[in-house]
Structures are given as C-alpha cells and as structure tokens.
Amino acid sequence: GTFFNFLGCTDIICCILLLVAIVGYIAVGVVAWTQGDPRKVIYPTDSRGQFCGQAGTPNENKPFLFYFNIVKCASPLVLLEFQCPTTQICVEKCPDRYLTYLQASTGGAASEELKYYEQFCVPEFKNRKKVSDAPEVLKDDLCPAMLTPSKPLARRCLPAVSSKKGVIMVGNKTTFNDGKGHERNVTELLEGAKKANVVLEARQVAMKIFEDYTVSWYWIIIGLVISMVVSLIFIVLLRFLAGIMVWVMIVLVILVLGYGIFHCYMEYAQLKGQAGSDVSLKELGFQTDLRVYLHLKQTWLAFMIILCIVEVVIILLLIFLRKRILIAIALIKEASRAIGHIMTSLLFPLCTFFLVCLCIAYWASTAVFLSTSNEAVYKVFNETECIYARTTCNPETFNTSNVTKVCPSARCLFAFYGGESTYHKYLIIFQIYNVFMFFWLANFVIALGQVTLAGAFASYYWAFKKPDDMPAFPLFSSFGRALRYHTGSLAFGSLILAIVQVIRVMLEYLDHRLKAADNKCAKFFLTCLKCCFWCLEKFIKFLNRNAYIMIAIYGTNFCTSARNAFFLLMRNIVRVAVLDKVTDFLLFLGKLLIVGSVGILAFFFFTQRIKVIQDTAPPLNYYWDFFSEDLERNDGSPERPYYMSPALSEILLKGSLESSKSAESQE
C-alpha cells in the first residue's frame with residue numbers, strides 16, 4: 001500500500017515550460033524551413049553564387065567547381081573569408097593535363113587545344129572575336145592562365161597528387177608552367193589545395209559517411225537486426241543459464257579481444273617494408289579518406305596497444321572481482337526472470353530509440369536549414385593592397401563602380417552566405433536554441449524510457465505473489481502513469497542535464513578557439529572547467545536515473561525523489577559501488593561481445609569500412625534500487641518478508657555480512 005501511492009501531477013511548472021519550449025522550437029523550425037536552402041550545402045558555388053550541378057539550371061551538367069588559379073588559395077585571406085581570391089566556375093569535368101592559355105591559343109580559334117581549353121573559361125569568352133590577344137583575356141579573367149591535372153574532391157577540382165619514392169608530384173611532374181613564363185614547384189599547388197579544402201574537410205568526412213550509408217543502408221539494417229536478435233536471445237538465455245552464459249561470455253570476450261590483437265599484429269607485419277607505411281600519424285595529419293590510415297603501420301600498432309591494454313584490464317578486473325561476480329550473476333538472473341514476466345520490455349527500447357532518432361532528425365534538419373538561410377554576400381578580392389578589400393560589393397554594378405578605378409585588379413566575388421537583416425542577426429541565437437532543445441528533448445525521451453521501465457519492473461518486484469499481483473499490462477500502465485503524472489518531473493531532470501551539456505559544448509568550442517593561442521593559464525583553467533563539467537554531467541545522469549526510479553515507485557516530485565535516491569545510495573554505498581558496478585561490467589562485456597562480433601563481421605564484409613553497430617538490448621541495472629529499498633524496509637521475518645527471491649536474499653545477505661566483516665577488520 002506504500003508503493004505507487006500517487007498524490008497527483010508533479011513539477012507542473014516544468015511541464016508547462018517544456019510545452020512552451022516545444023512550441024517555440026516548432027516555430028524556429030518553420031522559420032528555418034521557409035528561409036533555408038539545403039542546396040547550399042549539397043552543391044558547390046561559383047564566383048557568381050550559382051550552384052554547380054543543380055538540376056534545371058545552366059550548370060546542371062557542370063557538377064564540379066574549378067579554380068582559375070589554385071595557388072592563390074594559399075593566401076591567408078582564405079582563412080579570413082573562407083573563399084579563394086580567384087575566379088571559380090562550374091565545369092563538366094576537371095582538367096586532365098598541363099596546358100597554358102598561351103600554348104592553346106597559338107593554334108588559332110579552330111585548334112583542338114583551344115576547344116578543350118574553352119570549357120574552363122567563363123561563358124563570355126566564347127563571344128570574343130580575338131582569341132590570340134592573350135594578355136587581355138588573362139587580364140579580364142576570362143580564362144585561367146594554366147591548367148593542371150586535377151581530380152574531383154567534394155565536387156572541387158584539386159591537383160591530382162601522386163608520390164613516387166617519397167617525391168610529391170602532380171601529373172607525374174614536380175614543376176609546372178604558371179602560364180606567365182615561370183616554372184614553379186608543385187608544392188605551391190598543394191598549399192593552395194590545402195587552404196581551398198580547409199572549410200571542406202569536416203563536411204567531406206560527413207558526406208563520405210553519408211554516401212557510404214546511402215549505398216549500403218540495407219546491409220547496415222541487416223547488421224542491426226542481427227545484433228538485436230542476438231541480444232534478445234542472450235537476454236532470454238540469461239533467465240535459465242545466467243551462470244553459464246556469463247562465464248561463456250567472459251571467455252568469448254577475451255577470445256575476441258585476443259583475435260583483434262592477433263589481426264592487428266598481422267596487418268602491422270604485412271605492412272613492413274611497404275612504401276609509405278612508415279609515415280607517422282602526425283606527419284600525415286587529418287585526411288578526409290579514413291582508409292588512408294589503414295595503410296600505416298602506426299595505425300595498426302596503436303590499435304594493437306589499445307586492445308592489449310583493454311585485454312589486461314579486463315583480466316585483472318575478473319581476477320579481483322571473481323567473488324562479486326557470483327552475486328552479480330544472481331542479480332542478473334533475477335532481472336532476467338522479471339523480463340520473462342514483462343516480455344514487452346524487450347521491444348520498448350526500440351520505441352525510445354525511434355523517438356531519439358526523431359529528435360536527431362529534427363535537430364539536424366533545422367540546423368541545416370538555419371545554416372543555409374543566409375543570402376549570397378559578395379566581397380572585393382584583390383591580390384595587392386586595396387582600401388576596398390573585403391568590403392561588400394554588387395557584381396552587377398561592380399565594373400562601373402569606383403572600386404575598379406582605384407584598384408584595377410580587384411574582383412567582386414561570391415564570398416559566403418550571410419545577411420544583415422534582423423533574422424540573420426539572431427541566427428546564432430536560433431542555432432544555440434536548436435542545440436539546447438535537442439539536448440532537452442533527447443534527455444526527456446531517455447528519461448521517459450527509464451521511468452517507464454522502472455515502473456514496470458517495480459510492479460513486478462513489489463508484487464508479493466508474482467505474477468498474480470501484477471497489472472495486466474505493466475509496461476503500458478507505467479508508460480501512462482509517467483506521461484499523466486510525471487511529465488514535469490522528467491522535464492525538470494532532463495532540463496538540468498541539458499543545461500550542463502550545453503555548457504560543455506560551449507567549453508569545447510572555446511577550447512577549439514584557444515588552440516592557436518599561447519595563453520597557458522587560460523588553457524589550464526579551461527581544461528579544469530571541462531573536467532569539472534564532465535564529472536558533473538556523469539553525476540547528474542547517475543542521480544537522475546535513480547531519481548526516476550523513486551518517481552516510478554512513490555510518485556514524488558523530482559527534487560524529493562532525487563534527495564531520497566541520494567541518501568538511499570549513500571546508506572548502501574558499499575553495495576552500490578561494488579555490486580552495481582560489477583553488474584554493469586558484466587553487462588558491458590555482453591554488449592562488447594555482441595557489438596564486437598557484429599563489428600568484425602561488418603569489417604570483413606565492407607571492404608575497409610568502419611561501421612557502428614548499436615546494441616538495442618534493454619538496460620538491466622534498475623534492480624539495485626529495489627534491492628536496497630527492500631533490504632532497508634524489511635528484515636525477512638513473517639511480519640516484514642523480503643520481496644526478492646529466497647536464493648537472491650541469501651546471496652545478498654551473505655555478501656553484506658562479508659563486506660561488514662571486511663570493513664571491521666580494516667578498522
């Protein structure tokens with residue numbers, strides 16, 4: 001009679017705040033979707049702000065962006081404006097040869113070389129009558145002075161780099177003609193390409209991962225289904241063969257890690273003597289093609305060392321915790337028995353996973369639309385000193401403006417997407433709000449899943465006659481209670497966690513901005529803050545999870561539940577610290593075994609691809625709060641009997657007695 005004694009709705013103010021915040025979030029999404037244009041992310045943009053490769057436009061069959069002079073992209077201006085100070089046009093294909101305009105124009109307008117060269121000139125070039133007037137053509141930026149062998153990368157034509165015996169080459173050459181009679185080293189092309197690609201690298205990684213998923217999504221789904229089925233079978237078998245399953249699982253984890261160490265060593269040995277495999281990770285730097293790292297000895301050596309450390313740590317933990325593992329097995333068996341009476345709990349995490357995916361999808365789409373809701377901004381670019389440099393300009397009236405008179409070599413080029421309206425000024429606020437609401441809603445969904453499962457398992461545990469005293473549909477009953485009475489409490493707990501997570505994101509951003517600075521004091525202070533908030537987030541997650549269990553049992557508000565959960569844990573600190581963590585460790589080994597096995601299968605199935613396989617097995621660590629509460633409230637007498645099974649109570653009481661004796665002997 002003392003359990004599930006709900007007094008009414010809890011934390012109503014937080015419930016109202018959540019509803020208002022959701023309405024505001026929807027409004028931000030609607031505004032972003034009406035103003036944004038995702039094409040700005042998908043397609044590269046030429047100097048006139050036109051998309052390359054977009055259907056229904058003159059550039060429909062020109063998917064690649066070509067830089068007139070990639071060497072100019074090495075300018076520090078790229079880092080300031082995220083744009084190369086050179087003309088950029090959309091082309092059908094990237095150049096595949098070295099060629100200068102002077103060479104192409106010597107054969108006249110009918111020459112094959114000039115016809116090939118024309119596709120890399122601006123459209124106005126075809127209207128010129130004199131093609132032999134090279135200085136005028138180059139001065140007006142109608143054609144590039146030179147072409148170099150290039151390959152498309154993120155739809156940009158960048159130098160086709162190759163290496164022979166440690167010598168960097170472009171198109172099998174170490175030098176090139178710049179079209180002005182000078183021989184230059186290809187390393188200048190590489191510097192320009194690196195700066196041109198500085199804004200693309202992170203997005204390129206995301207795009208490659210996205211492309212991999214688009215071409216292999218059905219195999220990934222098969223892998224997820226296999227992982228889920230194996231997880232369900234694993235949990236069902238735990239009910240009947242908990243002891244055997246746990247020890248078999250431990251042995252298999254050790255064997256899987258051992259095979260991983262062996263495989264890394266074989267890859268490391270196979271790369272010995274191969275050209276380029278001795279390059280260090282530091283020398284290679286960040287590469288958008290992650291497969292490049294698999295051709296380095298240092299990569300496999302690092303993997304082997306990490307796996308060896310994990311293997312040794314697991315073996316040592318098993319040696320020192322061998323006695324506690326027996327108690328943890330009893331807890332797992334009891335949890336598996338509860339799942340046997342509430343089979344819907346095996347599928348409920350899929351509902352939570354689906355809702356979290358919806359939160360991620362809404363956040364990602366809103367972020368993309370917000371980031372692409374700017375207008376095209378054009379700025380003055382000039383190679384030499386100019387008072388108008390980096391000022392905004394209008395490309396339609398630029399040639400008749402005063403800028404061309406003061407700075408004859410200046411050009412009005414597309415710089416970026418931005419704007420000066422009120423909406424554009426508050427875009428950063430909308431982005432921060434988008435991130436904050438994502439954390440809040442994602443944490444709320446996870447909290448709803450936790451309190452629903454806690455309530456369902458509590459109805460099993462606190463039923464003296466199992467399953468006669470249980471509700472007909474314990475999971476759905478618990479879900480209804482959570483939404484009807486405790487939406488505010490869940491919103492309160494998830495709000496606190498979301499605030500901490502947003503602060504951590506801001507600290508990471510500041511840390512990224514301070515990397516180039518030389519202020520050691522600021523870096524030390526920032527590192528301390530990051531460490532403190534990381535610990536705070538872990539503590540809040542742990543406290544929230546146990547507070548939700550108290551909410552599910554007693555129906556109290558969040559603060560009261562958190563306080564009761566905290567003091568309950570403190571009174572049973574030894575049991576919680578040892579048994580709960582040992583159980584978590586064993587469950588982690590089970591997840592590691594399933595995820596590792598499917599991951600190895602995916603690694604061999606997909607040629608040199610890394611795939612993340614998520615385990616959808618429901619968490620089984622809700623029970624320790626029930627056990628602690630049961631041990632505190634009851635003593636096993638006929639008047640106050642334990643709700644747990646006799647076998648489990650015998651093991652727990654024996655473990656508690658041993659812990660007490662150990663503590664007394666230490667004193």
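Because the structure is predicted, anything quoted here is derived from the model rather than measured.
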Item checked: Closest heavy-atom pair and its distance - Ser561, Ala547 ->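 Distance-wise, the nearest heavy atoms are CB-O, 3.5 Å.
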Does any donor atom in the side chain of [X] or [Y] lie under 3.5 Å from an acceptor atom in the other side chain?
| X | Y | answer |
| --- | --- | --- |
| Ser478 | Thr452 | no |
| Asn557 | Thr560 | yes |
| Gln501 | Asn443 | yes |
| Asn564 | Tyr554 | no |

Checklist line | Pair Trp440 and Phe444, ring centroids less than 6.0 Å apart | finding: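 Centroid distance Trp440-Phe444: not below 6.0 Å, so no.
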Next item on the list: Could you tell me if the ring centre of Phe369 sits under 6.0 Å from that of Trp363?
Entry: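 No; Trp363 has its ring centre 6.0 Å or more from that of Phe369.
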Note to self: Closer than 3.5 angstrom, by distance alone: can the side chain of Tyr25 be matched with the main-chain N or O of Val20 as a donor-acceptor pair?
What the structure shows: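 Between the backbone of Val20 and the side chain of Tyr25 there is no qualifying donor-acceptor contact (under 3.5 Å).
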In the structure I gave you, are the side-chain heavy atoms of [X] and [Y] within less than 4.5 Å of one another anywhere?
| X | Y | result |
| --- | --- | --- |
| Gln450 | Ile446 | yes |
| Thr352 | Leu448 | no |
| Phe473 | Thr344 | no |
| Asn434 | Val28 | no |
| Phe558 | Thr10 | no |
| Phe533 | Lys530 | no |

Notebook entry, point to check: Any idea how Phe430 and Tyr426 line up, ring-wise: parallel (<30°), tilted (30 to 60°), or perpendicular (>60°)?
Noted result: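 Aromatic pair Phe430/Tyr426 classed tilted.
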